[in-house]
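Heavy atoms only: backbone and side chains are in, while hydrogens, waters and symmetry mates are out.
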Amino acid sequence: MRRLLTWCAVAAAVPPLYAVTPADGESFLPVGAVHGAFAIAVALPLAWAGRRPLPVLAVLLAELVAATVLARPAAGVWPIFLAADVLVCCVTAFRSRRAGLAAAAAALTVQEAAWQVELLREGHRLSAPAFLALSVLLGLGVLVAWTAGTAIRQRREYGEALRAHAVTAERLRISREVHDMVAHSIGVIAFQAGAGARVIDNRPEQAREALSAIETTSRETLKGLRHLLGVLREPPGPSLEGLADVDRLAETTAAAGVRVDVRRHGRPRPLPSAVDRSAFRIIQESVTNVVRHAGTGHCRVSIGYGSQELSIDVVDDGPGAAFEGGGHGIAGMRERVALLNGDFSAGPRAEGGFRVAVRLPLEAT
């Protein structure tokens, strides 16, 4: 865009070459020599217009003042007006708003002064409507240039805001993925480590089983983290984990002492990647809360494949209550569901225990 504006300014600044002949008809310079030199002097600073539009505009306006003082013909300075307007657009687009306004005001002031001096020198007497029309024409040219530059700047700022928002959203998504993965695994490891520590003296076989479960869980977590980092390094691809991994999650949780009864209703089918991944993370976080806080050895996970929505229910009958404090578990699940325009509820059951219920809309097929 800057290069395009620069070439526009160069094209506008090169005036037509024509002969300059004195009143007695004797040409004192070769045809077009004066205007050729004038065009070169005007166009030379424009080579830096893309990188330093404001200083180049100042030089161009100074050349306009010099051309007016040296009594150059009006046809030779009008192209400078056009080049100045293009530079006003460039300054407004790629510099601050204050710089754009200052450039527009300076360009309009110098242009108005230059053509009025030219009219006075040539002895032209314009009617009030004609004088007003010329003033409005100059002002309109600067206004159009400033408006175009403002539109370019706003479009560029909007693009930068979109990119910043995308980066923030991706950071939040990655943080949720890492939290859900690590929180579940650390919960299982902590549970097994505590159990192993209590039975290591009396029942070394059970302590050995606990250590084996810790090893298995930690290896799976490390594998998942490597997978996540590998996906971050590669172009977008399939989802990291989905509902197909719920049975593996149940096996890992069973090693921590909590049996997970997985029930599926409806016909399982491929789901949108965002729904599939979020559903798995919600189930994983819910089961992790059961392991940590429910104080029970059993929970039930129900997955319903409807025609318009996916339903998830995670229920336990423990005496404890799922964690709703300052952590990221419940809040993270609620945020995931909200991003997919679904419904989320979590709370104690009247008959005891805790229930997490989720409804995620599916795209029509």
Can you name the nearest heavy-atom pair linking Trp146 to Ala104, along with the distance?
CD1-CB, 4.1 Å
Would you check, one step at a time, whether the test side-chain hydrogen bond (donor to acceptor under 3.5 Å, both in side chains) holds for Asp85 with Gln111?
CA-CA 10 Å; Asp85 291 345; Gln111 290 179 13; 3.2 Å; yes
Salt bridge (charged side-chain N to carboxylate O under 4.0 Å, His left out) partners of Asp317, counting only residues at least two apart
none
Can you name the one residue among Leu310, Leu340, Val337 that meets side chain to side chain contact (heavy atoms under 4.5 Å, CB included) with Val358?
Val337
Test of understanding: with side chain to side chain contact (heavy atoms under 4.5 Å, CB included), list the residues that count as partners of Arg292, not counting sequence neighbours.
Ala183, Thr288
Other residues, nucleotides and ligands only: do more than 12 of their heavy atoms fall within 6.0 Å of CD1 on Ile200?
no
With sequence neighbours excluded, what pairs up with Val110 under the side chain to side chain contact (heavy atoms under 4.5 Å, CB included) test?
Leu61, Leu64, Val65
If you compare all heavy atoms of Leu243 against all heavy atoms of Ala279, which two are closest, and at what distance to 0.1 Å?
CD2-CB, 3.7 Å
Would the number of heavy atoms belonging to other residues, nucleotides or ligands and lying under 6.0 Å from CZ of Arg155 be above 12?
no
Is there a side chain to side chain contact (heavy atoms under 4.5 Å, CB included) between Phe354 and Asn289 once you walk through the steps?
CA-CA 10 Å; Phe354 199 86; Asn289 284 344; over 6 Å; no
Residue pair Gly139 / Glu112: nearest heavy atoms and the distance that separates them:
N-OE2, 4.4 Å
Salt bridge (charged side-chain N to carboxylate O under 4.0 Å, His left out) involving Glu335 - partner list, sequence neighbours excluded
Arg176
Determine which pairs satisfy side-chain hydrogen bond (donor to acceptor under 3.5 Å, both in side chains) with at least one residue from residues 336-362, sequence neighbours left out, and list them in order.
Asp180-Arg336, Asp313-Arg355, Arg349-Glu351
Set of salt bridge (charged side-chain N to carboxylate O under 4.0 Å, His left out) partners for Asp261, sequence neighbours left out
Arg263
Please identify each residue that fulfils side chain to side chain contact (heavy atoms under 4.5 Å, CB included) with Asp247, with sequence neighbours left out.
Val262, Arg264
For Arg97, the side chain to side chain contact (heavy atoms under 4.5 Å, CB included) test, sequence neighbours excluded, returns Arg153, Glu157
Member of Asp316, Val291, Val356 meeting the side chain to side chain contact (heavy atoms under 4.5 Å, CB included) criterion with Cys299:
Asp316
Among Ile, Leu, Val, Met, Phe, Trp and Tyr joined by side-chain contacts under 4.5 Å, find the other residues sharing a cluster with Tyr158 and list them by chain and number.
Leu162
Partner residues of Glu215 under the salt bridge (charged side-chain N to carboxylate O under 4.0 Å, His left out) criterion, sequence neighbours left out
Arg219
Within the side chain of Ser286, is there an N or O that forms a donor-acceptor pair under 3.5 Å with the backbone of Ile282?
yes
Would you say Met333 and Val315 are hydrophobically clustered, going by side-chain heavy atoms of ILVMFWY under 4.5 Å?
no
Check Val275 against Pro361 and note the closest heavy-atom contact, atom names and distance.
CG2-O, 4.1 Å
Thr252: partners by side chain to side chain donor-acceptor pair (under 3.5 Å), with sequence neighbours left out:
Glu220
So Glu160 and Arg156, salt bridge (Lys or Arg N to Asp or Glu O under 4.0 Å) or not? Walk me through it.
CA-CA 6 Å; Glu160 292 174 354; Arg156 178 170 53 84; 3.7 Å; yes
Each residue besides Val199 in its hydrophobic cluster should be listed here, by chain and number; the cluster joins Ile, Leu, Val, Met, Phe, Trp and Tyr at side-chain heavy-atom distances under 4.5 Å.
none
